[in-house]
S.K.: 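Once you've had a glance at the structure underneath, I'll fire off some questions.
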Amino acid sequence: SQQGEEDPQALSIQEGENATMNCSYKTSINNLQWYRQNSGRGLVHLILIRSNEREKHSGRLRVTLDTSKKSSSLLITASRAADTASYFCATVGRSGGSNYKLTFGKGTLLTVNP
Amino acid sequence: DAGITQSPRHKVTETGTPVTLRCHQTENHRYMYWYRQDPGHGLRLIHYSYGVKDTDKGEVSDGYSVSRSKTEDFLLTLESATSSQTSVYFCAISPTLYEQYFGPGTRLTVT
């Protein structure tokens with residue numbers, strides 16, 4: 001079963017605006033990651049935030065993590081048409097024994113209109 | 001996609017035929033994964049490998065088998081393809097148990 005659930009499922013904004021996507025999860029995690037997927041391509045890793053971190057920045061990306069609410073948000077500032085893609089959160093937690101497993105949500109489709 | 005390739009990139013096959021998809025990496029990463037991506041389901045893990053000859057099942061492993069005889073190659077086999085296995089298949093690699101790097105995908109159609 002899916003661990004992360006992104007919200008909204010689809011988001012359409014104008015170039016220059018900020019885009020915020022949310023991810024909720026159900027069980028304890030080691031870390032949470034965000035990935036981008038352009039149409040017809042593989043996923044690209046964007047940023048990782050560990051369970052003991054609350055906020056992380058990378059360029060125009062800002063990720064927050066609230067482990068008490070089991071939620072994360074991805075903020076893309078000053079969006080560009082090239083940011084149009086699907087964005088997935090993925091949680092890393094134990095799957096039994098000593099193995100960790102990465103579990104993906106269903107994604108948010110972001111459309112940035114020029 | 002640098003350092004990881006998948007072959008074939010597209011394949012059409014008939015129900016009941018065996019199919020093998022290949023993932024090849026040049027990064028010497030320990031961990032390799034096979035996912036399928038379907039509308040409404042996101043990415044689901046089929047099988048993964050944590051070393052040569054060491055593999056384990058993911059959440060949708062029924063009807064699939066894998067093999068890893070070399071660090072660089074991870075094969076996914078559909079023993080007898082069914083229409084429900086029509087999907088886009090992604091291979092991923094990882095040096096650790098954390099961030100993963102994805103291949104370009106294989107679009108498989110089972111008629």
Side-chain angles (χ1 to χ4, degrees), chain A residues 1-7 9-10 21 23-27 29-53 56 58 61 63 65 85-109, chain B residues 1-7 9-10 21 23-25 27 29-51 54-61 74 76 87-109:
Chain A
S1 62
Q2 299 291 342
Q3 165 78 307
E5 290 276 342
E6 292 92 344
D7 169 57
Q9 291 187 341
M21 288 159 271
C23 172
S24 60
Y25 58 93
K26 296 176 181 170
T27 61
I29 62 171
N30 177 280
N31 67 76
L32 185 145
Q33 304 171 34
W34 286 91
Y35 289 78
R36 183 188 75 230
Q37 184 180 34
N38 292 92
S39 181
R41 306 289 297 272
L43 278 72
V44 174
H45 182 264
L46 294 175
I47 195 166
L48 179 153
I49 186 166
R50 301 185 190 281
S51 60
N52 61 353
E53 297 176 310
K56 205 160 183 181
S58 177
L61 304 181
V63 169
L65 179 64
S86 291
Y87 291 81
F88 295 86
C89 72
T91 54
V92 175
R94 287 192 184 275
S95 66
S98 60
N99 286 332
Y100 283 93
K101 188 172 71 170
L102 188 68
T103 307
F104 287 86
K106 297 179 182 179
T108 291
L109 175 60
Chain B
D1 299 348
I4 177 169
T5 57
Q6 293 184 231
S7 59
R9 294 293 314 279
H10 298 89
L21 308 182
C23 177
H24 178 78
Q25 62 151 326
E27 305 296 325
H29 287 339
R30 177 181 177 187
Y31 300 93
M32 298 186 77
Y33 307 81
W34 276 108
Y35 293 90
R36 60 178 290 175
Q37 185 175 34
D38 305 287
H41 290 279
L43 230 67
R44 292 181 291 175
L45 181 65
I46 305 171
H47 282 280
Y48 64 101
S49 169
Y50 43 93
D54 289 325
T55 64
D56 205 351
K57 295 178 180 180
E59 62 180 302
V60 289
S61 59
F74 192 33
L76 176 71
S87 186
V88 181
Y89 291 85
F90 287 98
C91 176
I93 62 175
S94 177
T96 67
L97 286 164
Y98 301 140
E99 57 252 55
Q100 298 184 5
Y101 303 94
F102 283 77
T106 293
R107 185 173 296 275
L108 176 67
T109 302

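Quick note: numbers below take in every heavy atom, side chains included, and nothing from hydrogens, waters or symmetry partners.
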S.K.: What part of B/Q6 gets closer than 4.5 Å to chain A, counting heavy atoms only: side chain, backbone, both or neither?
M.R.: neither

S.K.: Is atom CD of A/E53 surrounded by more than 12 heavy atoms (other residues, nucleotides or ligands) closer than 6.0 Å?
M.R.: yes

S.K.: Report which part of A/Q37 has an atom under 4.5 Å of a heavy atom belonging to chain B: side chain, backbone, both, or neither.
M.R.: side chain

S.K.: Where does A/L48 contact chain B at under 4.5 Å (heavy atoms): side chain, backbone, both or neither?
M.R.: side chain

S.K.: Just by modelled atom types, is the B/G40 backbone N or O under 3.5 Å from a matching donor or acceptor in the A/K106 side chain?
M.R.: yes

S.K.: Measuring from A/I47:CD1 to B/E99:CD, what's the distance to the nearest 0.5 Å?
M.R.: 11.0 Å

S.K.: Contact part of B/Y35 toward chain A, heavy-atom cut-off under 4.5 Å: side chain, backbone, both or neither?
M.R.: side chain

S.K.: Can you tell me how far apart OH (B/Y98) and NE2 (A/H45) are? Round to the nearest 0.5 Å.
M.R.: 12.0 Å

